[in-house]
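The chains referred to below are lettered A, B, ... by the order of the sequence lines, with proteins before strands, and numbering in each begins at 1.
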Amino acid sequence: LEKVIMPGDLRIQTGVTRGQPFQITVNGNAVEAYPGETIAAVLLAEGWHMVRHTVLSGEPRGLFCGMGLCFDCLITLNGKPNVRACVTYAQPGDKVERQI
Amino acid sequence: MSDLLPTPLTVVGAGPAGIMAAYTAAEAGVNVTLIDDNPLPGGQYYRQAPPEFKFSNPLDAQSGRTDAPVVLNKLPHPKIRVINKMLVWGVFDQHNLALADGEQSYLLPTDRVILATGAYDRPFAFPGWTLPGIMGAGAALRMLKTQWVLPGKRVLLAGLGPLQLALADALIKSGAQVVCIAEAANPMKGWRQLPKFWGHWDRIQEAVAYLSTLRKHKTPLLFNHAIIGAYGKDHVEQAQIASLDDQGAPVPGTEKQFDVDAICLGYGLLPSFQLAAAFGCKLRFDQNLGWWAPEHNANMETTQPGIFVAGDLTDIAGAKVALVEGEIAGANAAHQLGYIDEKALGERLAPLRPRLQSLNRLANALQKIYAFRPGLVKAAKDDTLMCRCEEITFGQARKALANGATDLNQVKLATRAGMGYCQGRFCSVLAAPLIAEVTGQSLSDLQPFTVRPPIQPIHLSVLASGAKVKMPS
């Protein structure tokens with residue numbers, strides 16, 4: 001999770017008002033998240049398309065099914081491994097780490 | 001944590017079908033438990049945005065669909081206990097549902113069951129398809145409509161069917177550029193189905209609105225094209241599409257390149273039949289889908305007495321069909337439990353049958369126009385990953401077949417394809433056509449992977465906690 005691939009924010013701004021943002025960390029980097037956002041949404045919005053490398057070949061993976069079925073978006077959350085970023089809501093102070 | 005009385009009816013899945021099923025039975029007087037693994041009811045079609053978001057158009061909180069409030073406002077209901085964020089991971093003795101909520105597992109006894117477990121994006125394999133930035137069309141729609149985050153800024157859509165137009169429309173209106181829509185259907189093949197659209201003016205209107213958005217933004221919509229490659233280092237940077245021959249196979253020399261930062265794959269949906277299979281319900285091979293779905297009768301009852309199905313789980317016919325099927329399943333379950341007598345049931349079902357028939361005619365026409373043509377699997381090469389979880393290529397599966405494997409379970413044992421996290425939901429549909437081709441069987445002669453509990457991975461600590469059976473309050 002070290003590479004920001006897109007400058008700027010992918011959050012849609014018109015038609016929606018989000019709550020007060022809070023901070024989480026992604027591999028030690030402070031990242032802003034909004035209440036109600038999944039960790040996958042925070043990562044995507046902030047420009048991290050890649051979520052992890054695979055165990056065998058080390059190829060990059062990101063969000064794929066977006067509904068908790070494919071397990072491609074696995075992260076380590078607050079020390080707990082194999083958490084699906086797409087179905088997990090961000091909480092203030094969350095520590096997100098890349099698995100491999 | 002308090003003990004909770006089991007209800008005579010449990011509905012699994014709170015999408016259009018599940019909500020209608022639960023509501024119909026509840027209105028008849030049945031106490032219903034409605035279980036769903038999402039934080040809010042609605043399923044994928046009426047997926048609700050997080051309550052923390054505020055919208056200038058209040059409808060956007062409820063998926064933005066005009067009919068969403070009518071369906072979603074059936075909950076809460078005094079006779080329906082809704083349990084969100086709960087996975088049903090198996091069934092024991094046909095009447096004990098095994099549940100897990102991320103912390104611990106539970107056993108819920110029940111009498112009758114209605115399964116409305118929905119569907120998921122059909123995987124489509126081609127060189128580079130595992131790159132970050134390439135996601136299911138459903139995943140992109142969920143990101144847009146519930147999280148209000150774009151999948152990318154320069155997006156290519158590749159797939160089959162009207163969902164692509166809906167997604168393109170949503171992307172463009174949200175500020176993304178749709179660089180191309182590669183539609184694999186060939187309109188010259190589908191025109192015979194057009195009379196079946198007669199009377200379904202709302203659907204035609206919807207399509208016309210989407211097409212007008214595309215025209216206004218000069219978005220190229222290429223029929224008879226499919227994605228055949230994606231390139232990039234840590235994320236997708238380029239997409240390659242090609243035109244298709246009669247069978248749907250890519251034609252060499254017709255490739256086109258697009259610079260992108262996201263690709264959305266919408267090659268149709270597949271029924272989430274795993275729980276139905278765990279119940280022992282017989283699966284039938286659906287010719288339109290080219291895949292399996294639970295068999296059911298006109299009352300939506302499966303081959304297992306007292307176990308019903310409804311919605312996309314049964315045939316990918318969309319939300320309108322799901323609502324009617326849910327109603328039929330709910331009324332029949334209530335009848336079996338003694339809450340609706342024979343005569344009242346007949347009266348209840350009479351207007352639903354012709355409505356379902358008319359809706360199914362349209363769904364069937366759409367399935368035929370947007371059928372998954374057999375040549376489309378040629379987009380994948382031998383070194384393309386077939387199983388994303390265990391990282392098994394089509395070539396490895398081919399080798400297992402050369403060594404004597406003849407079905408999905410044998411390919412799984414020989415290669416590990418299907419043993420990973422997704423439990424074969426994605427690779428089985430990619431492996432099956434290859435097995436059929438190499439072994440000379442037809443796809444319908446094969447059987448899907450054997451389903452065993454847990455039907456979705458759960459932590460061992462969660463499983464172990466089930467030793468002390470508790471019910472969620």
Side-chain angles (χ1 to χ4, degrees), chain A residues 1-20 34-38 40-74 80-84 86-90, chain B residues 37-39 44 49-57 60 85 87 102 118 120-121 123 130-136 138-144 146-153 174-176 232-237 261-262 265 272 385 388-391 420-423 425-426 456-457 459:
Chain A
L1 286 178
E2 52 281 297
K3 197 175 174 199
V4 177
I5 62 130
M6 272 179 292
D9 197 324
L10 287 177
R11 287 182 182 87
I12 300 163
Q13 302 297 347
T14 47
V16 60
T17 310
R18 295 174 177 84
Q20 278 300 313
Y34 291 86
E37 287 189 332
T38 62
V42 176
L43 295 176
L44 187 60
E46 299 286 327
W48 281 287
H49 262 182
M50 182 180 65
V51 169
R52 67 177 177 115
H53 288 117
T54 57
V55 179
L56 287 177
S57 67
E59 66 163 36
R61 290 286 170 87
L63 178 76
F64 181 61
C65 83
M67 62 192 299
L69 284 180
C70 78
F71 288 72
D72 253 349
C73 64
L74 294 179
K80 187 180 172 193
N82 300 329
V83 174
R84 292 167 296 173
C86 73
V87 292
T88 307
Y89 288 82
Chain B
D37 62 352
N38 292 290
Q44 305 306 332
E52 295 90 341
F53 287 25
K54 302 288 170 249
F55 298 98
S56 26
N57 175 5
D60 284 336
K85 294 196 219 170
L87 171 75
Y120 60 101
D121 282 310
T130 54
L131 273 171
I134 304 176
M135 66 190 80
L141 261 180
R142 278 185 282 285
M143 221 12 118
L144 273 177
T146 64
Q147 292 285 310
W148 287 59
V149 172
L150 294 168
K153 286 182 175 167
S174 305
K233 193 174 161 283
D234 285 332
H235 64 96
V236 61
E237 291 164 40
D261 56 25
L265 305 174
S272 290
L385 277 192
R388 298 171 72 97
C389 305
E390 297 292 318
E391 300 182 68
Y421 276 122
C422 89
Q423 299 181 314
R425 280 172 177 80
F426 295 90
Q456 258 195 56
H459 282 269

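Taking the ring pair (Phe, Tyr, Trp, His ring centres under 6.0 Å) definition, one finds that A:Y89 meets it with nothing, sequence neighbours left out. Checked against ring pair (Phe, Tyr, Trp, His ring centres under 6.0 Å), A:F71 has the following partners two or more places apart in sequence or in another chain: B:Y421.
Between A:P35 and B:F53, the shortest heavy-atom contact is O-CE1, 3.1 Å. Across all non-hydrogen atoms, the minimal contact from A:N82 to B:H459 is O-NE2, 4.3 Å. Smallest separation of non-hydrogen atoms from B:Q456 and A:L69: NE2-CD2, 3.6 Å. When all heavy atoms are compared, the tightest approach of B:V149 to A:I12 is N-CD1, 4.2 Å. Shown here for A:L44 and B:L150, the closest heavy-atom pair between the two residues is CD2-O, 3.6 Å. Taking each heavy atom of A:C65 and B:A139 in turn, the nearest pair found is O-CB, 3.2 Å.
In this structure, the side chain of B:E391 does not engage the main chain of A:T54 through any donor-acceptor pair within 3.5 Å. Panel note: side chain B:Q147, backbone A:G36; a donor-acceptor pair is recorded below 3.5 Å. In terms of modelled atom types and a separation under 3.5 Å, the side chain of A:H49 and the main chain of B:I134 share no donor-acceptor contact. Listed for the B:R388 side chain is no donor-acceptor partner under 3.5 Å among the backbone atoms of A:R61. Between the side chain of B:E52 and the backbone N or O of A:Y34, no donor-acceptor pair lies under 3.5 Å.
Counting heavy-atom pairs closer than 4.5 Å to chain B, the top-ranked of the candidates A:L74, A:D72, A:V55 is A:D72. Among A:C70, A:A40, A:C73, A:G68, the residue making the largest number of heavy-atom pairs under 4.5 Å with chain B is A:C70.
In this structure, chain A has a heavy atom under 4.5 Å from the backbone of B:E390, while its side chain stays farther away. For B:P51, no part lies near chain A; criterion is any non-hydrogen pair under 4.5 Å. Proximity to chain A (any heavy atom under 4.5 Å) is shown, for B:L141, by neither the backbone nor the side chain. Interface remark: A:V87 contributes no atoms to any contact with chain B (heavy atom separation under 4.5 Å). Interface remark: B:F55 contributes backbone and side-chain atoms alike to the contact with chain A (heavy atom separation under 4.5 Å).
To the nearest 0.5 Å, atom CG of residue B:D234 and atom CH2 of residue A:W48 are 13.5 Å apart. Here CG of A:L10 is found 10.0 Å from CE of B:M143. Values are rounded to the nearest 0.5 Å. Taken to the nearest 0.5 Å, the CE atom of A:M50 stands 11.0 Å off from the CG atom of B:L131.
Between A:V16 and B:D60 there is no side-chain heavy-atom pair separated by less than 4.5 Å.
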